[in-house]
Enquirer: 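I am attaching a structure below and will ask some questions about it afterwards.
Quick note on labels: first sequence line is chain A, next is B, and so on, each numbered from 1. Not measured: the values here are computed from a predicted model.
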Amino acid sequence: MAWFKREKRPMAPSVEKPVRVPEGLWIKCPDCSEILYNKDLAANLHVCPKCAHHFRVSATDRLRSLFDGAWEEHDRELVSLDPLGFTDTKAYRDRLTTSYKATGQRDAVIVASGRLDGLDTEIAAMEYSFIGGSMGVVVGEKITRGIERAIARRCGMVIVSCSGGARMMEGTLSLMQMAKVSAGLARLDRERLPYISVLTDPTTGGVTASFAMLGDLNIAEPKALIGFAGPRVIEQTIRQKLPEGFQRSEFLLEHGMVDAIVDRRQLKAAIASALRFMLPSRAT
Amino acid sequence: MAVDTLDFEEPVAVLLKEIEALSMLPRTEQRAGEIARLQSRADEIRGELYRMLTPWQRVQVARHPNRPYMLDYVERLFTDFQELHGDRRFADDGAIVCGTAVYKGTPILAVGHQKGRDTRMKVKRNFGYARPEGYRKALRAMKLAEKFRRAIIVFVDTPAAYPGMESEERGISEAIALNLREMAVLDVPIIVVVTGEGGSGGALGIAIGDRVMMQEFTVYSVIPPEGCAAILWRDSNRKVDATDALKITAPDLLGRGVIDSIVPEPNGGAHNDYDGAARLLDVALERALREVSALSSAERLDLRYQKFRDMGRLGLDFADASPSVPRADA
């Protein structure tokens, strides 16, 4: 018989809560536990005013934070036809329908033309709530069309990545989207037109190993998870825990993989000044 | 030769064991006849088995430890092979081999994954898992080929890019991404052949070309079946289901426009007959090179762009549901 009775309390699972801003008036910052008024948070571009924690934002909010005003969305109605007829524990078609109902989007990216600080710009913003922001044929097609439009309009291209990588449910065709978008970027590159890649939490897998790393400037938001292999896969390979901060923006900056880490509230200004450096100067 | 058969080749394995036992005994006319009879029966059964392989069985064949690797083909198809080591940045990656060689009288550059046959070589080759420096070495060598106007032949056979800490530290994503972009506009003919496992980004990182072919029993996938099963089924034992669902076999991918052609393999797979496999590959390579070399450089680059631009086809793989746009199939 033990002298002291140990209180049996199961360890709380340390699952990270999704940091999506929920419906409701108040929200607690997962970093500093500050209670924040939802509208204030939105007005602050979903960045915690106390500790600068960056909440994940929707593609629409992203575009709103970068464009000067209204924008023209392209290829809004492109939909996947489920090329493999894929079913795992659930049919892929049903996943598409569920995501469509939840987000109002047909797939995981919005591509739009508009003005960024007065400059004509093409922006693709990925939507994480749509099957983890994964890239299948529709994402690849819309972004490539965006790049081709940027070439035709002689303007800069911005891609804001937020994605778990290639979409398994479209198989090897998803993998090929990496090649497709990168081929588009090769043309943009040879045309000497600017491409700014913005890496947000999370940017992993085939998205990182294609367009997200190909920016003339690669800009990361603070503390974003950015990597090729998922942390769990790496831990299985090396059979040990990964160090704190591994595959975070700061780690990538230290290893020379991103040009800068920029707070979301300064992001638009940073992109604008980069575009001004890269776009041909107006003849005076 | 050691009896090295896959589980589904059990009927063949039985015969091979019988042959082995007979060959231990003193040779007589009658025994030799018996051995020949058993051998032809084994070949026949193997032929039948390989005509109806399931997708998972193809994965097993693609990963077969005796599968010929890049250097086995280099030896049989090319002369004057001179390996080029190192990325001139950090290291020499043993999992990707590059070298100049002569193919039918013309200098070419050969690039490919190499897995290693025995334990020591497997470690040296890192089991075919390339690190960033492998992709950077490949790009360096390919730029060399471009500078001196030599065609490039690529052999793809990797489980994946190496998912370790140093890969992330040294920028595996950037290394692969840059190859995708630069290979799209590299101004010399590039012929790619998948000779084993086409393992996602690790494969694609050297697999952009004017022709992409797959050997008959190889696979090319966005994720290994085990990984897909673990994520979507939450059970890596459902790998057979995942393999079926992912549609990663050569006929599947030819049908979806991902590859241009299938290179036949000898009876019972390339691992049963290296020379036969090399002869069949030779025919396909020669033809692909001839076709692609006949194009002007502008045509070739346009066609290469269009080839990858068409991955995902309107009306087949995706549709435009907006009411104002007429349907592609209407």
Enquirer: If you apply the rule side chain to side chain contact (heavy atoms under 4.5 Å, CB included), what do you find for A:Ile131 with A:Met169, and how did you get there?
Expert: CA-CA 10 Å; A:Ile131 318 187; A:Met169 299 80 139; 3.9 Å; yes
Enquirer: With rounding to the nearest 0.5 angstrom, report the CD1 to CZ distance, B:Ile176 to B:Arg136.
Expert: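 Rounded to the nearest 0.5 Å, the CD1-CZ separation comes to 10.0 Å.
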Enquirer: Select one option (side chain, backbone, both, neither) describing which atoms of A:Arg76 are under 4.5 Å from chain B's heavy atoms.
Expert: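 A:Arg76 has no heavy atom closer than 4.5 Å to chain B.
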Enquirer: Please identify, among B:Asp241, B:Asp252, B:Leu180, the residue contributing the most non-hydrogen atom pairs under 4.5 Å to chain A.
Expert: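 Ranked by heavy-atom pairs under 4.5 Å with chain A, first place is B:Leu180.
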Enquirer: Given a strict heavy-atom distance threshold of 4.5 Å, which part of B:Arg170 is in contact with chain A: side chain, backbone, both, or neither?
Expert: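 It is the backbone, since no side chain atom gets that close.
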Enquirer: Would you say CZ of A:Arg232 has more than 12 non-hydrogen atoms from neighbouring residues, nucleotides or ligands within 6.0 angstrom?
Expert: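 Count not over threshold, so no.
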Enquirer: Please flag which part of A:Phe246 lies under 4.5 Å from any non-hydrogen atom of chain B: side chain, backbone, both or neither.
Expert: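 For A:Phe246, the side chain is the part near chain B, not the backbone.
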Enquirer: Tell me, side chain or backbone of A:Asn218 under 4.5 Å from chain B's heavy atoms, or both, or neither?
Expert: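 For A:Asn218, neither part sits under 4.5 Å from chain B.
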Enquirer: Against chain B, label A:Glu254 side chain, backbone, both or neither, depending on which of its atoms sit under 4.5 Å from a heavy atom there.
Expert: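 Neither; nothing under 4.5 Å.
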Enquirer: Measure distances from A:Leu242 to the heavy atoms of chain B and classify the residue's part below 4.5 Å as side chain, backbone, both or neither.
Expert: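 Only the side chain of A:Leu242 comes within 4.5 Å of chain B.
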Enquirer: Give a yes or no on whether a salt bridge exists between B:Arg63 and B:Asp157, defined as a side-chain N under 4.0 angstrom from a carboxylate O.
Expert: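 Salt bridge between B:Arg63 and B:Asp157, a charged N being under 4.0 Å from a carboxylate O: no.
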Enquirer: If we ignore angles and hydrogens, is there a donor and acceptor under 3.5 Å between the side chains of B:Glu226 and B:Ser236?
Expert: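 No - no donor-acceptor pair under 3.5 Å links their side chains.
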Enquirer: Taking the six-membered ring of B:Tyr305, is the NZ or CZ of A:Arg187 close enough (under 6.0 Å from the centre) and on axis enough (within 45°)?
Expert: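 Geometry flag: set, cation within 6.0 Å and 45°.
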Enquirer: Please classify the contact between A:Glu235 and chain B as side chain, backbone, both or neither, with a heavy-atom cut-off of under 4.5 Å.
Expert: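 It is neither, since no heavy atom gets under 4.5 Å.
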Enquirer: Using heavy-atom distances under 4.5 Å, tell me whether A:Ile238 contacts chain B through its side chain, its backbone, both, or neither.
Expert: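 The side chain, not the backbone.
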